[in-house]
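Accompanying notes for the structure given below.
On a predicted model such as this, the values are computed, not experimentally measured, just so you know. The sequence lines fix the lettering, A, B, ..., with proteins before strands; numbering per chain opens at 1.
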Number of protein chains: 2
Amino acid sequence: MGERSDWAAMRERRMAEHGAADAYDAARLAFELGRAVRDLRERRGWSQAQLAKESGMTQSAVARFEAGGTVPTLPVLERLAAALNVSLSVSFVPRDAAA
Amino acid sequence: MGERSDWAAMRERRMAEHGAADAYDAARLAFELGRAVRDLRERRGWSQAQLAKESGMTQSAVARFEAGGTVPTLPVLERLAAALNVSLSVSFVPRDAAA
DNA sequence: CCAGGACATAGCAACGATGCTATACCAACC
DNA sequence: GGTTGGTATAGCATCGTTGCTATGTCCTGG
């Protein structure tokens with residue numbers, strides 16, 4: 001081996017030095033956003049298929065997202081927000097403030 | 001043609017039906033987030049290289065991001081937030097509220 | 001029991017962001 | 001002029017999300 005190169009090693013180093021907290025946080029964010037969307041969707045009495053159509057996705061993509069199966073990208077969040085008629089807010093806030 | 005298949009066509013259709021607003025919004029978000037990070041960074045008197053090191057990226061990645069050259073992913077935003085000692089807030093807000 | 005709707009999963013193609021190195025540009029300073 | 005530090009750009013490999021179709025599950029209603 002050795003041809004699998006230093007990629008793995010470099011990732012390891014980053015993980016070690018900066019912690020895996022970011023990956024964890026992203027996963028948690030994904031989960032919470034998924035729940036939020038599911039809430040908004042159900043509050044409207046929409047099915048995944050309907051939301052999918054409104055936001056230009058497929059039912060399977062919505063399901064995957066709501067389950068927190070992937071960390072969503074901003075464009076997707078924008079589309080979902082637009083479909084649900086809410087605004088997407090992304091911002092940095094001082095360390096202790098809530099939202 | 002025809003072998004370039006329906007991919008392009010499908011994208012076109014989505015664009016037409018749901019508008020290109022999402023892409024535009026994402027780009028704007030990217031731009032604003034870039035500016036926000038640059039502000040926070042300069043406020044601390046850090047160089048791009050320093051921020052890069054703290055957040056486990058390279059100087060070039062930071063530059064690209066600050067320039068709004070790409071729409072950042074949530075994991076990256078989390079890392080930057082952690083490095084800058086702020087919290088990342090991502091949420092859906094009712095259509096008229098500000099933040 | 002069977003049909004229908006809603007949600008979950010699998011598997012694959014393609015896109016786009018990231019990570020990286022290297023280099024160019026541009027100042028300030030010696 | 002030359003050097004140093006900070007920032008921008010280029011080009012490429014790799015990863016992860018998305019888009020899609022198809023299928024599986026479960027539940028409800030006939």
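When heavy atoms are screened at a 4.0 angstrom cut-off, A:T58 is found touching base atoms of the nucleic acid.
In this structure, B:L51 atom CG and D:dT7 atom P are separated by 10 Å, rounded to whole Å. Between the P atom of C:dT18 and the CZ atom of B:F65 lies a distance of 8 Å, rounded to the nearest Å. B:Q50 has its CD atom 14 Å from the C1' atom of D:dT7, to the nearest Å. Put simply, CG on A:L80 is 14 Å from C1' on D:dG19, counting in whole angstrom units. The separation between A:L77 atom CG and C:dA17 atom C1' is 15 Å, rounded to whole Å. Remark: P of D:dT18 and CE of A:M57 are 7 Å apart, rounded to the nearest angstrom. In this entry the distance linking CD of B:E42 with P of D:dG6 reads 13 Å, nearest Å. When rounded to the nearest whole Å, the span between CD of B:Q48 and P of C:dC26 equals 16 Å.
At a cut-off of 3.5 angstrom, the base of D:dC20 holds at least one donor-acceptor pair with the side chain of A:S60.
Rounded to the nearest 0.5 angstrom, B:S87 OG and B:E78 CD are separated by 8.5 Å. Here the CG atom belonging to A:L51 is positioned 11.0 Å from the CZ atom belonging to A:R38, to the nearest 0.5 angstrom.
Residue B:W46 is the one, among B:R64 and B:W46, whose nearest nucleotide of DNA chain D lies closer to the 5' end (criterion: closest heavy atom). Summary of the strand contacts: A:P72 and B:A49 both lie near DNA chain D, and taking for each the nucleotide with the nearest heavy atom, the more 5' one is attributed to B:A49. Both A:A63 and B:T73 lie near DNA chain C, and the one whose nearest nucleotide falls closer to the 5' end is A:A63. Each of A:V62 and B:Q59 has a nearest nucleotide on DNA chain C; the 5'-most of these lies closest to A:V62.
Contact between A:Q48 and A:R41 at its shortest, heavy atoms only, is N-NH1, 3.4 Å.
Around atom CZ of B:R44, more than 12 heavy atoms belonging to other residues, nucleotides or ligands sit under 6.0 Å away.
Side-chain N/O atoms of A:R41 include one lying less than 4.0 angstrom from OP1 or OP2 on C:dC7. Phosphate proximity of D:dG6 to B:R38: absent, as no side-chain N or O sits under 4.0 Å from OP1 or OP2.
Formation of a donor-acceptor pair under 3.5 Å by the B:Q50 side chain with backbone atoms of B:S47 is found in this model.
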